[in-house]
Asker: 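The structure is given below, and queries will be raised subsequently.
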Amino acid sequence: ELKITPLGGITNQTLRLQHPKIDAVLRLPGSASAPMIHRWQEALHQRIAALAGIALPPLWSEPSSGRRLTPYLPHHRAPSPTPISLEDLNRVGALLGRVHRLKGSFQGIKTPEAIASAYGATLRELGAALPEAYPQALAIFEGILKTIALAPWPLGPSHMDPSLANVLLSPGGAPDDDYLIDWEFSGVASPAWDVAIVALEASLNIEDTAQLLGAAGLPPGPGPRAR
């Protein structure tokens with residue numbers, strides 16, 4: 001008998017499928033984020049990451065639709081963001097560092113300019129009106145880009161959505177058994193992007209952000225923290 005249990009998700013619907021012969025998660029992609037996702041790139045990136053031991057290899061996948069079946073790990077857990085423990089912070093940082101050092105042909109440049117341009121193009125295609133505060137947000141955004149340009153970091157493999165809900169930590173504390181899931185936004189970007197997502201979600205202070213940067217193998221000075 002097959003037991004189906006809905007799991008959490010923001011952009012996708014995920015279901016746990018339990019059967020005497022299998023315990024797995026079925027992901028059914030949502031339509032809202034579809035224009036911003038390249039499913040074939042996602043499949044490629046997850047395969048590269050799985051070969052490196054930081055993503056779960058799919059039991060079955062259909063890149064054309066984004067549907068995927070992966071093992072369910074009942075004893076792994078996501079870190080708690082409020083507050084995140086020092087051990088979990090170091091493990092998440094180490095996991096991000098492994099992503100950024102991946103050897104493989106990641107595709108899709110994800111600079112802030114490229115992402116903003118893609119969002120704008122999508123809005124125009126949908127015939128949607130720009131938000132009222134768009135001009136002010138654009139001015140702030142352009143100022144941030146000028147600051148970033150003063151100390152550029154080389155682009156490389158990035159997850160782009162390392163929400164703590166997408167982190168699976170092993171119960172035994174072995175870093176080689178920690179994983180990142182949901183690679184649909186992954187691409188080639190600055191490593192600062194992944195670090196910033198974790199720092200914001202976990203409400204990290206300056207000292208904790210420096211700790212995260214160090215665990216990821218990135219310089220923890222004021223310049224990297226500003227990025």
Asker: Would you check if V198 and L96 make a side-chain contact, meaning some heavy-atom pair closer than 4.5 Å?
Answerer: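 Touching, per the 4.5 Å side-chain cut-off.
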Asker: Quick one: closest heavy-atom pair of M160 and G187, and the distance?
Answerer: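 Scanning both residues completely, I find the closest heavy atoms to be CG-N, 4.0 Å.
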Asker: Using the test ring pair (Phe, Tyr, Trp, His ring centres under 6.0 Å), find all partners of F106 that sit at least two apart in sequence or belong to another chain.
Answerer: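 For F106, the residues satisfying ring pair (Phe, Tyr, Trp, His ring centres under 6.0 Å) (neighbours in sequence not counted) are H45.
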Asker: Pair T5, Q18 - check side chain to side chain contact (heavy atoms under 4.5 Å, CB included), show working.
Answerer: CA-CA 8 Å; T5 305; Q18 293 173 272; 3.9 Å; yes
Asker: Please round to the nearest 0.5 Å and tell me the distance separating atom CG of N166 and atom OH of Y179.
Answerer: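 Spacing of CG (N166) from OH (Y179) equals 15.5 Å.
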Asker: Tell me whether L86 shares a hydrophobic cluster with L218, the cluster being built from Ile, Leu, Val, Met, Phe, Trp, Tyr side chains joined at under 4.5 Å.
Answerer: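 No; tracing contacts between hydrophobic side chains, which count when under 4.5 Å, never links both residues.
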Asker: Please determine if E42 and R27 form a salt bridge, counting it only when a charged side-chain N lies under 4.0 Å from a carboxylate O.
Answerer: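 Between R27 and E42 there is a salt bridge, with a charged N closer than 4.0 Å to a carboxylate O.
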Asker: Consider only side-chain heavy atoms of I, L, V, M, F, W and Y, link residues closer than 4.5 Å, and tell whether I37 and W40 are in one cluster.
Answerer: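 No, I37 and W40 fall in different hydrophobic clusters.
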Asker: Can you tell me if CD on E132 sees more than 12 non-hydrogen neighbours from other groups inside 6.0 Å?
Answerer: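 Result for CD/E132: open.
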Asker: Just do the side chain to side chain contact (heavy atoms under 4.5 Å, CB included) check on T70 and Q46 with the steps written out, would you?
Answerer: CA-CA 11 Å; T70 53; Q46 182 165 2; 4.2 Å; yes
Asker: Say you draw a straight line from CD of E184 to CG of D161; how long is it, rounded to the nearest 0.5 Å?
Answerer: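 Nearest 0.5 Å value for the CD-CG distance: 7.0 Å.
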Asker: Is it possible for you to say whether L204 and V167 belong to one hydrophobic cluster, with membership spreading through side-chain heavy-atom contacts below 4.5 Å?
Answerer: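 Looking at the clustering, V167 is in the same group as L204.
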Asker: Check the pair L169, H76 against side chain to side chain contact (heavy atoms under 4.5 Å, CB included), reporting the backbone distance first and the verdict last.
Answerer: CA-CA 5 Å; L169 300 180; H76 280 62; 5.8 Å; no
Asker: Minimum heavy-atom separation for I181 to A165, with atom names?
Answerer: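 Shortest heavy-atom separation between I181 and A165 comes out as CD1-O, 4.1 Å.
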Asker: Report whether L212 and I84 are members of the same hydrophobic cluster (ILVMFWY, side-chain heavy atoms less than 4.5 Å apart, transitive linking).
Answerer: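 Yes: a chain of side-chain contacts under 4.5 Å links L212 to I84.
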Asker: For a 4.5 angstrom cut-off between non-hydrogen side-chain atoms, does P162 reach L180?
Answerer: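 Of all side-chain heavy-atom pairs linking L180 with P162, at least one is under 4.5 Å.
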Asker: Does K146 come within less than 4.0 Å of E142, counting only side-chain N to carboxylate O?
Answerer: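 No, this pair does not count.
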Asker: So which atom in I54 and which in W183 form the shortest heavy-atom distance, rounded to 0.1 Å?
Answerer: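 Looking at all heavy atoms of both residues, the closest pair is O-CZ2, 3.9 Å.
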Asker: Quick one, R77 with D88, criterion side chain to side chain contact (heavy atoms under 4.5 Å, CB included). Give me CA distance, side-chain angles, the key distance, then yes/no.
Answerer: CA-CA 11 Å; R77 62 176 178 85; D88 285 1; 2.8 Å; yes
Asker: Do H100 and D194 come close enough that some side-chain heavy atom pair is under 4.5 Å?
Answerer: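 Answer yes - side chains close enough.
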Asker: R91 vs S170, test: side chain to side chain donor-acceptor pair (under 3.5 Å). Steps then yes/no.
Answerer: CA-CA 10 Å; R91 290 173 67 179; S170 68; 3.2 Å; yes
Asker: Give the cluster check for L2 versus Y72: same hydrophobic cluster or not, with ILVMFWY residues linked at side-chain heavy-atom distances below 4.5 Å.
Answerer: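 They do not share one cluster, since no chain of ILVMFWY contacts under 4.5 Å joins L2 to Y72.
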Asker: As an exercise, state the distance from CD of Q211 to CG of N205, rounded to the nearest 0.5 Å.
Answerer: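 Answer for the CD-CG pair, Q211 versus N205, is 10.5 Å.
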Asker: Report the residues that fulfil salt bridge (Lys or Arg N to Asp or Glu O under 4.0 Å) with R16, sequence neighbours left out, ordered by chain and then residue number.
Answerer: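 Scan of R16 (salt bridge (Lys or Arg N to Asp or Glu O under 4.0 Å), adjacent residues dropped) gives D23.
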Asker: Are any non-hydrogen side-chain atoms of L155 and K110 less than 4.5 angstrom apart?
Answerer: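 Not in contact.
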Asker: Is there a side-chain contact between L168 and D178, using heavy atoms and a 4.5 Å cut-off?
Answerer: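 Heavy-atom side-chain distance check fails, nothing below 4.5 Å.
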Asker: Tell me, do P71 and L59 make a side-chain contact under 4.5 Å, heavy atoms counted?
Answerer: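 Yes, side chains in contact.
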Asker: Going by the rule ring pair (Phe, Tyr, Trp, His ring centres under 6.0 Å), which residues pair with W193 if we only count those two or more places apart in sequence or in a different chain?
Answerer: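 Ring pair (Phe, Tyr, Trp, His ring centres under 6.0 Å) check on W193 returns nothing, list empty.
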Asker: For D177 and G172, indicate whether the former's side chain and the latter's backbone hold a donor-acceptor pair under 3.5 Å.
Answerer: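 No, the answer is negative, given that no donor and acceptor are paired below the 3.5 Å cut-off.
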Asker: Please find the pair of heavy atoms, one from S158 and one from A189, that lie closest to each other, and give the distance.
Answerer: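 Reported closest heavy-atom pair: OG-O, 3.3 Å.
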Asker: Do you know which two heavy atoms are closest between R98 and G53, and how far apart they sit?
Answerer: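 In this case the closest contact between R98 and G53 is NH2-O, 3.7 Å.
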Asker: Taking S61 for the side chain and P63 for the main chain, is one N or O donor matched with an acceptor at less than 3.5 Å?
Answerer: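 No; judged by distance alone, with no hydrogens or angles, the pair does not exist.
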Asker: Does one side chain, of Q41 or S186, offer a donor that lies under 3.5 Å from an acceptor on the other?
Answerer: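 Per modelled atom types, Q41 and S186 side chains form no pair under 3.5 Å.
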Asker: Which one of I4, L69, L7, V25 satisfies the side chain to side chain contact (heavy atoms under 4.5 Å, CB included) criterion with L15?
Answerer: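 Running side chain to side chain contact (heavy atoms under 4.5 Å, CB included) over I4, L69, L7, V25 with L15 returns exactly one hit, I4.
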Asker: Should E62 and R39 count as an ion pair when the cut-off is N to O under 4.0 Å?
Answerer: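 So E62 does not pair with R39 through a salt bridge.
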Asker: Please find the pair of heavy atoms, one from P191 and one from P154, that lie closest to each other, and give the distance.
Answerer: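 P191 and P154 have their closest heavy atoms at CD-O, 3.6 Å.
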Asker: Considering only heavy atoms from C-beta outward, does the side chain of V92 approach that of P79 to under 4.5 Å?
Answerer: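 Yes. Closest side-chain heavy atoms under 4.5 Å.
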Asker: Does some side-chain heavy atom of V188 sit less than 4.5 Å from a side-chain heavy atom of Q107?
Answerer: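 No, side chains not in contact.
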